[in-house]
> 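Could you have a look at this structure, given as structure tokens, before my questions?
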Amino acid sequence: MERLIFHVDVNSAFLSWEAVRLVKNGESDVRLIPSCIGGDPNSRRGIVLAKSIPAKKYGIVTGEPIGLALQKCPELMVLPADFKLYAASSRAFKSILREYAPVVEEFSIDEAFLDMSGTALLYPDPLALAHTMKNRIRDELGFTVNVGIGRNKLCAKMASDFEKPDKVHTLFPEEIESKLWPLPVGDLLFVGRSSVRRLETAGIRTIGELGHADPKLLASLLGEKMSRQAYRYANGIDDSPVRAEPEIPKGFSNEVTLEEDVVRDEQAHAVLLSLADCVSARLRDEGYKAQGISVTVRYLNFQKRSHQCMLERATHSSRTVYETSKKLLSELWGDHRPLRLMGIAATNLLGKDEPEEGQLSLFGEEDSAAGRKNEKLDQALDSLRRRFGSGAVKRGASMTVREEVARKYKGKSDSER
DNA sequence: CTCGGCATCCTAT
DNA sequence: CTAACGATAGGATGCCGAG
């Protein structure tokens, strides 16, 4: 069965979506000047999340610190991120795709795979269909996309990355040699910075060289699994299906880069409480309990460390997550070296309907008096948040970590933000 | 020896 | 000079102790 896969990718998604909103408000189009979306402008630690094409001409790249970008281009306009807007824009964009495609996989907020296999009678000309889709999105929603077409997801995705913006590209098997193999290895999906560095030591610079390399050599450079996947990808081989169903989550995590370095236990515990509140509220909202908790810290030199543990029993209680994370931090942070980042992750999730291994619901945390009290408090806070928004409820630490950290250490109020 | 837990590394948006 | 100034997620890998 020959497949036909599209990959649709919004060009400079966050910036495009912000530009559309500004244009609707009668303002000028920031896509036409050097501009970018850059993290939290109040924190000095933001990075470039999306940039305009004029900004790119200054050598500004996604992921670089805002300060550095401003050095390259002092007149760069930096706009704050607004994830509510992005979620709404993403929905509108994907709902147009669903009008054409029987199976849509939401790969990220601004990317989707469409399985168009077997639609030849309905759409005899796939290229024409791709143009129709991208033009409709552009004309109705005001932003451009790239469409990549191939026989599998990998080729569709690589093709959508070719030339931007507002383009349709194909990467069919007979085009692998001319379109894929000349590209630098780092352009290949899942060949990141570290793999590029290792491949370079063996003189492998292009995707074509990777696709012709000795599998034994690749295994020694990249490891067993990664090397096999890289070799297949380099030759345009990929069997993975387009999945319409979202994956079942494996964990929830929240982490913050702190406005000020944390050196004392009281500061650290305030941050943990806030993070624990976030993570546990997400567990309750999504109907999961965590069997494991992990705490991560990052020092001033960017070195990261983490400690994790398994719980006696699964939990979604903010108190249990908090107390556990305090214990993990104390194991991790004996030296009290200054921290620039802290995070908590809930791991080894159990779904609502998924009973715990063993038979220990006898004197579990929900059954003790203290456990019931904590459960009640969490429920009450959750319902207040649902009614009045996440900013409404504060309890030493609030829903949003950044707010709380700012309040504690800078004495700023919400209105100043 | 194998398995599972843990810490870390790697990659993606 | 290097990496690297972010949040979140998932998978791979190497080590270690238990059975």
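Labels below follow one simple rule: chain letters A, B, ... track the order of the sequence lines, proteins then strands, and each chain is numbered from 1.
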> Can you give each donor-acceptor pair under 3.5 Å made by side-chain atoms of residues 301-309 of chain A, sequence neighbours left out, with the distance rounded to 0.1 Å?
residue  : atom : partner  : partner atom : Å
A:Asn301 : OD1  : A:Gln303 : N            : 2.9
A:Gln303 : OE1  : A:Arg337 : NH2          : 3.3
A:His307 : ND1  : A:Glu331 : OE1          : 2.9

> Give the B/S/- string for nucleotides 14-19 of chain C, one per nucleotide from 5' to 3', where a protein heavy atom under 4.0 Å of the base yields B, of only the sugar-phosphate yields S, and otherwise -.
------

> Separation of A:Ile66 atom CD1 from C:dA7 atom P, in whole Å?
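Roughly 13 Å, once rounded to whole Å.
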
> State which residues pass ring-ring contact (aromatic ring centres under 6.0 Å, His included) with A:Phe143; sequence neighbours excluded, sorted by chain then number.
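Scan of A:Phe143 (ring-ring contact (aromatic ring centres under 6.0 Å, His included), adjacent residues dropped) gives A:Trp17.
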
> Any side-chain N or O of A:Asn254 less than 4.0 Å from the OP1 or OP2 oxygen of C:dT8?
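For C:dT8, OP1/OP2 do have a side-chain N/O of A:Asn254 under 4.0 Å.
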
> What pairs with A:His336 under ring-ring contact (aromatic ring centres under 6.0 Å, His included), at least two apart in sequence or on another chain?
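Only A:Trp333 meet the ring-ring contact (aromatic ring centres under 6.0 Å, His included) criterion with A:His336.
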
> Mind checking ring-ring contact (aromatic ring centres under 6.0 Å, His included) for A:Phe162 and listing every partner two or more places apart, or none if nothing turns up?
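ring-ring contact (aromatic ring centres under 6.0 Å, His included) check on A:Phe162 returns A:His169.
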
> For nucleotides 1-13 of chain B, give me one character per nucleotide, 5' to 3': B if any protein heavy atom sits under 4.0 Å from the base, S if the only such contacts are to the sugar-phosphate, - if neither.
-----SBB-SSSS

> Could you check how far CG of A:Leu300 sits from P of C:dA4, rounded to whole Å?
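In whole Å, C:dA4 P lies 15 Å from A:Leu300 CG.
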
> Judged by each residue's nearest nucleotide on DNA chain C, which is more toward the 5′ side, A:Glu64 or A:Ser253?
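Nearest nucleotide further toward 5': that of A:Glu64.
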
> Report the residues that fulfil side chain to side chain donor-acceptor pair (under 3.5 Å) with A:Glu106, sequence neighbours left out, ordered by chain and then residue number.
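Per chain and number, A:Glu106 pairs via side chain to side chain donor-acceptor pair (under 3.5 Å) with A:Lys94, A:Arg98.
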
> Can you sort out which residues in residues 243-251 of chain A have a heavy atom within less than 4.0 Å of DNA chain C? Ascending by number, please.
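Of all residues in residues 243-251 of chain A, the ones placing a heavy atom under 4.0 Å from DNA chain C are A:Pro249, A:Lys250, A:Gly251.
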
> A:Lys153 and A:Glu105: salt bridge (Lys or Arg N to Asp or Glu O under 4.0 Å), yes or no, with the steps?
CA-CA 10 Å; A:Lys153 287 164 72 174; A:Glu105 174 177 331; 2.9 Å; yes

> Can you check the A:Arg228 CZ to C:dG11 C1' distance for me, whole Å?
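Rounded to whole Å, this separation is 15 Å.
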
> Under 3.5 Å, which donor-acceptor pairs link side chains of residues 183-197 of chain A to any protein atom two or more places apart or in another chain?
residue  : atom : partner  : partner atom : Å
A:Ser194 : OG   : A:Arg198 : NE           : 3.3
A:Ser194 : OG   : A:Arg198 : NH2          : 3.1

> In whole Å, I'd like the distance from the CG atom of A:Leu68 to the P atom of C:dA4.
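Interatomic distance, CG of A:Leu68 to P of C:dA4: 14 Å.
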
> Can you work out whether A:Arg340 or A:Phe252 has the more 5'-proximal nearest nucleotide on DNA chain C?
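Nearest nucleotide further toward 5': that of A:Arg340.
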
> Who pairs with A:Glu175 by side chain to side chain donor-acceptor pair (under 3.5 Å), at least two apart in sequence or on another chain?
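For A:Glu175 the side chain to side chain donor-acceptor pair (under 3.5 Å) partners, ignoring immediate neighbours, are A:Thr170, A:Lys179.
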
> Take atom CZ of A:Phe83 and atom P of C:dA7, then tell me their distance rounded to the nearest Å.
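Checked: the CZ to P distance equals 10 Å.
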
> Can you tell me the distance, in whole Å, between the CD atom of A:Gln229 and the P atom of C:dT13?
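Answer to the nearest Å: 11 Å.
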
> Could you state the CD1-P distance from A:Ile344 to C:dA7, rounded to the nearest angstrom?
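Value for this atom pair: 14 Å.
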
> Could you work out which one of C:dC5, C:dA9, C:dA7 sits closest to the side chain of A:Pro65?
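The answer is C:dC5.
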
> Among A:Val10, A:Ile37, A:Asp110, which one satisfies side chain to side chain contact (heavy atoms under 4.5 Å, CB included) with A:Tyr86?
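Of all the options given, the one that passes is A:Ile37.
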
> Return the set of residues passing side-chain contact (heavy atoms from CB on, under 4.5 Å) with A:Ala276 (not counting sequence neighbours), or none when no residue passes.
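Per chain and number, A:Ala276 pairs via side-chain contact (heavy atoms from CB on, under 4.5 Å) with A:Val321, A:Tyr322, A:Ile344.
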
> Going through the distances and angles, do A:Arg205 and A:Glu209 end up as a salt bridge (Lys or Arg N to Asp or Glu O under 4.0 Å)?
CA-CA 7 Å; A:Arg205 295 170 31 262; A:Glu209 287 163 0; 3.8 Å; yes

> Can you tell if the side chain of A:Leu222 reaches within under 4.5 Å of the side chain of A:Leu199, non-hydrogen atoms only?
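Yes - at least one pair of side-chain heavy atoms lies under 4.5 Å apart.
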
> Describe, as an angle rounded to 10 degrees, how the axis at the first end of the helix from B:dC1-C:dG19 to B:dT13-C:dA7 is tilted relative to the axis at the last end, five pairs per end.
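Overall, the helix from B:dC1-C:dG19 to B:dT13-C:dA7 bends by 10° from one end axis to the other.
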
> Return yes if some donor-acceptor pair links the side-chain N/O of A:Thr296 with the main-chain N/O of A:Gly343 below 3.5 Å, else return no.
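No.
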
> Roughly how many Å apart are B:dC9 and C:dA3, using the C1' atom of each and rounding to a whole number?
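Looking at atom C1' only, C:dA3 and B:dC9 are 15 Å apart.
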
> Which of these nucleotides, C:dA7, C:dT13, C:dA4, is closest to any side-chain atom of A:Glu255?
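When the side chain of A:Glu255 is considered, C:dA7 is the closest of C:dA7, C:dT13, C:dA4.
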
> Without decimals, in angstroms, what is the distance between A:Ile60 CD1 and C:dC5 C1'?
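Whole-Å distance recorded here is 16 Å.
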
> Taking all non-hydrogen atoms of both residues into account, name the closest pair between A:Ile149 and A:Val168 and its distance.
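In terms of heavy atoms, the two residues are closest at CD1-CG1, 4.0 Å.
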
